[in-house]
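I have placed the structure first, in the form of structure tokens, so that the comments after it can refer back to it.
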Amino acid sequence: MDPEIPYLLLTPGPLSTSRTVREAMLHDYSTWDVDYNAQVNEIRQRLVRLATVESGADETGQPEDYTTVLMQGSGTFSVEATIGSVIPPDGKLLVISNGKYGARVAEITRRLNIPLVEYIQPEVSPPDLGELQDKLNADPDITHVAMVHCETTTGMLNPAAEVGRIVKQAGKIYIVDAMSSFGGYPMSMESLSADYLISSANKCIEGVPGFGFIIANRKHLEATQGWARSLSFDLHDQWQEMEKNQGKWRYTSPTHVVLAFLQALKELAAEGGIPARHARYTENQQTLVTGLRKLGLKMLLSDDCHSVIITSIIYPDSDRFHFQDFYDRMKSKRFVLYPGKVSQSDTFRIGNIGHVFVDDIHLLVKTIRKTLEEMGVTLSPPE
Ligand SMILES: *Cc1c(COP(=O)(O)O)cnc(C)c1O
């Protein structure tokens, strides 16, 4: 662990970043200066490549068929911009949801008065593909389908590619919230059959918070002119500004965050791209789960649907365990954990993403063991 940082964030974003990413912010730029706009354009080109030829996925499309729009705000703002902009006035959205982030997509849709069908599954179950097919068959008015790739609520990895095939067979447009997984999993627009893929600066690319981005099928995005339900969140207008004015945003952009993000993209490439980053996160997650199981802790999800992004851990079965106390003690030992969000069981979460390495995880597991001992929480490790 970097001795200069007060603690390591083991959260799904904002997360721990490298010192060089943070240092990239030590410049003030004007938003319409060419030096700055060139960096914006470089980011946009790199993102399209990461979603196509540099995705690490088996199927990759051509970069020319896709484009990127950056949008100010947190990740949710980009989800809202997409939902509010790409569904035509007579469109209807099917949202597949098995967690809080899926529910948020549905909530955005309701607020925007866009006709909505919700397919809700329990938080510990992936969507059933047969049921999805039935929902699509039953309602020909559905024009778009949206789903979260890694449901950060639990850490569930949803079958986004399988769902994408069904969505495409049915002739619908597919929107994927890959907020917490893009950059950390090999995936391409082609391999997911995605028309729109949404993520943000402060997740697996390991930048700092301040904007999100949408990778879009160029043809589909072109057709959306005039559909946006709000001015600031008009995806088509934002895109046109970036295209025509070579990297200019409409309205003030988070210049320092943009610089940090370009640096983060360069560091992702230097690490060996998405496959290498995925391998690091996988090692982090497996080391964590193996270590915690040895202590006698249990995970919420079964291994077959578990992502490497974030892990939900069931509270130890002991009346000596209080999460806030555990959290404070862990923080004083320089690890910041994340509370749980699921409704059906008491859990806390540990993120495996960010500038976090396997040695950090070994130290983390040791620190958890010591902390539980200190609290008088006894566990029964497996034989
Ligand atoms: C982080 C995240 C978001 C966006 O959250 P913000 O707090 O708005 O940045 C959306 N969907 C998923 C799956 C996420 O993990």
Side-chain angles (χ1 to χ4, degrees), residues 9-17 69-84 93 95-109 111-112 118 120-121 123-124 126-127 145-160 163 174-185 187 192 194 196-215 232-233 235 254 257-258 260-261 264 277 281 285 300-301 305-312 336-342 347-354 356:
L9 298 180
L10 297 168
T11 56
L15 30 74
S16 288
T17 53
V69 195
L70 312 182
M71 186 57 78
Q72 293 94 330
S74 85
T76 304
F77 293 51
S78 285
V79 178
E80 187 150 349
T82 306
I83 302 298
L93 177 66
V95 177
I96 303 166
S97 113
N98 54 355
K100 298 279 189 279
Y101 291 99
R104 190 177 294 173
V105 178
E107 176 63 13
I108 288 169
T109 311
R111 290 276 188 117
L112 291 170
E118 242 183 307
I120 304 174
Q121 281 285 95
E123 286 163 334
V124 292
V145 177
M147 190 175 69
V148 175
H149 181 232
C150 168
E151 187 37 273
T152 321
T153 311
T154 51
M156 165 93 63
L157 191 69
N158 277 321
V163 166
Y174 188 32
I175 302 167
V176 180
D177 171 350
M179 200 73 67
S180 61
S181 48
F182 182 72
Y185 265 92
M187 66 174 102
L192 298 179
Y196 298 96
L197 183 147
I198 310 161
S199 186
S200 79
N202 62 284
K203 304 250 174 163
C204 294
I205 311 271
E206 302 186 2
V208 304
F211 71 91
F213 54 87
I214 298 95
I215 299 164
S232 304
F233 288 150
L235 203 61
V257 178
V258 166
F261 190 67
R277 183 148 297 178
Y281 291 166
Q285 202 259 351
L300 175 74
L301 296 181
C305 58
H306 213 303
S307 73
V308 303
I309 303 295
I310 187 163
T311 306
S312 290
V336 169
L337 308 182
Y338 208 60
K341 236 186 191 182
V342 285
T347 57
F348 63 95
R349 287 175 289 176
I350 296 181
N352 306 299
I353 61 179
V356 176

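Keep in mind it's a predicted model, so treat the numbers as computed, not measured. Whatever order the structure lists ligands and atoms in, that order sets their numbers, starting from 1.
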Could you please spell out the steps behind the side chain to side chain contact (heavy atoms under 4.5 Å, CB included) verdict for Ile309 and Tyr185?
CA-CA 9 Å; Ile309 303 295; Tyr185 265 92; 3.9 Å; yes
Going by the rule side chain to side chain contact (heavy atoms under 4.5 Å, CB included), which residues pair with Glu206 if we only count those two or more places apart in sequence or in a different chain?
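Per chain and number, Glu206 pairs via side chain to side chain contact (heavy atoms under 4.5 Å, CB included) with Leu15, Arg277, Arg280, Tyr281, His355.
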Which pairs would a plain distance check flag for residues 96-104, meaning a side-chain donor or acceptor within less than 3.5 Å of a matching protein atom at least two apart in sequence or in another chain?
| from | atom 1 | to | atom 2 | distance (Å) |
| --- | --- | --- | --- | --- |
| Asn98 | OD1 | Asn158 | ND2 | 3.1 |
| Asn98 | ND2 | Ser125 | O | 3.0 |
| Asn98 | ND2 | Asn158 | OD1 | 2.8 |
| Lys100 | NZ | Lys341 | O | 3.1 |
| Tyr101 | OH | Lys341 | NZ | 3.4 |
| Arg104 | NH1 | Thr76 | OG1 | 2.7 |

Would you mind writing out a table of all protein N or O atoms found under 3.5 Å from any N or O atom of ligand 1, naming both atoms and giving the distance to 0.1 Å?
| from | atom 1 | to | atom 2 | distance (Å) |
| --- | --- | --- | --- | --- |
| ligand 1 | 8 (O) | Ser74 | OG | 2.5 |
| ligand 1 | 8 (O) | Gly75 | N | 3.4 |
| ligand 1 | 8 (O) | Thr76 | N | 2.8 |
| ligand 1 | 8 (O) | Thr76 | OG1 | 2.4 |
| ligand 1 | 9 (O) | Gly75 | N | 3.0 |
| ligand 1 | 11 (N) | Asp177 | OD1 | 3.4 |
| ligand 1 | 11 (N) | Asp177 | OD2 | 2.8 |
| ligand 1 | 15 (O) | Thr152 | OG1 | 2.5 |
| ligand 1 | 15 (O) | Lys203 | NZ | 2.8 |

With distance as the sole test, does Ser307 use its side chain to make a donor-acceptor pair with the main-chain N or O of Leu157 at under 3.5 Å?
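Flag not set: sc Ser307 to bb Leu157 has no pair under 3.5 Å.
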Hey, what do you get for OG (Ser200) to CE (Met71), rounding to the nearest 0.5 Å?
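Between atom OG of Ser200 and atom CE of Met71 there are 13.5 Å.
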In chain order, what residues pass the salt bridge (charged side-chain N to carboxylate O under 4.0 Å, His left out) check against Glu118, with sequence neighbours excluded?
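If we apply the salt bridge (charged side-chain N to carboxylate O under 4.0 Å, His left out) test to Glu118, skipping adjacent residues, the hits are Arg110.
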